[in-house]
Amino acid sequence: MRIDVLTVLPGLFDCFLKEGVIGKAISSGKVEVKVHNIRDFTTDKHRVVDDVPYGGGPGMVLKPEPIFRAYDELTKEGEKPYVLLTEPWGEKFNQEMAVELSKKPRLMIICGRYEGVDERVKSLVDREVSIGDYVLTGGELPAMVIMDAVLRLIPGVLGNLESLRADSFSDRGLLGYPNYTRPAEFRGMKVPEVLLSGHHKKIESWRKEQSLRKTLERRPEIIENLKRKGLLTKEELE
Ligand SMILES: NC(=O)c1ccno1
């Protein structure tokens, strides 16, 4: 997968693209992520990327020209990207969308900033995406959240596919089960006996029960939804 990011603050991505699982995936060539400074696509000596809103009002709006120039330049060759725009009022990002996006060969993420982008930029956009009902200073952090959730799903990026299976939200949207590691007792808190038993069937059913219990406690609507769709087994319903 290739991802092109358009932003006025490219430096925000430096650590994200160098460290951890994502950094390794890029350095090993499993995925390609290129961050582009929208200012590099301006033509004036002050490299202006924003302007006051028509009709008045607070703040500044990202101008269309530099973004369109960037899009034209970056899409001259190769597959046309699926274009996302990160904005607070976009479609809510979730695991389902992450899975869908992970199947695209190429993405472009335009990071909103200031009061937003000129509305005409949206003629380039396939999906406006929000990571939550709150307003940030810009779309760069949402872009990193989206890239993290999407890139980890690319085959070969996560060493152990098992951890993908055990993800929260990956099994019918159920929350993940509790995890423990050594020591077996820490400050009087013991690891559940079943996890020390080596009995894989019992461990699996304990984990399933914990996952259902946690989902029922924290996200009952997910259980109700699965019940309505008939996606819970008889045992799980007991
Ligand atoms: N909530 C968001 O995704 C967002 C994007 C830009 N500002 O806020």
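All residue numbers in this chain count up from 1 along the given sequence. Worth knowing before you read on, the calculation uses all heavy atoms, side chains too, and leaves out hydrogens, waters and symmetry mates. Atoms within each ligand, like the ligands themselves, are counted from 1 in listed order.
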In this structure, does ligand 1 have an atom that sits under 4.0 Å from one of the heavy atoms of Gly112?
no
Using a strict cut-off of less than 4.0 Å between a Lys/Arg side-chain nitrogen and an Asp/Glu carboxylate oxygen, indicate whether Glu32 and Lys34 qualify as a salt bridge.
yes
Do any N/O atoms on Val135 end up under 3.5 angstrom from N/O atoms on ligand 1?
no
May I ask you to say whether Arg127 pairs ionically with Glu100, meaning some side-chain N is under 4.0 Å from a carboxylate O?
yes
So which heavy atom in the protein is nearest atom 3 (O) of ligand 1, and how far is it from that ligand atom?
Ile131 N, 2.9 Å
Least distance between heavy atoms, Thr86 atom then Cys111 atom
OG1-CA, 3.4 Å
Treating Arg207 as the side-chain partner and Tyr177 as the backbone partner, does any N or O pair qualify as donor plus acceptor under 3.5 Å?
no
Ligand-residue contact atoms, ligand 1 with Gly138, heavy atoms, under 4.0 Å
6 (C), 7 (N)
closest protein heavy atom to atom 7 (N) of ligand 1 is Leu136 N, 3.3 Å
Please list, in number order, the atoms of ligand 1 under 4.0 Å from a heavy atom of Ser130.
1 (N), 2 (C), 3 (O)
What residue and atom, counting heavy atoms only, is the protein's closest point to atom 1 (N) of ligand 1, and at what distance?
Tyr134 O, 2.8 Å
Check this for me - ligand 1, Val129, N or O atoms closer than 3.5 angstrom, yes or no?
no
Do the rings of Phe41 and His36 sit parallel, tilted or perpendicular, given the 30° and 60° boundaries?
perpendicular
For the residue pair Pro66 and Ile38, what are the closest heavy atoms and their distance?
CB-CG2, 3.6 Å
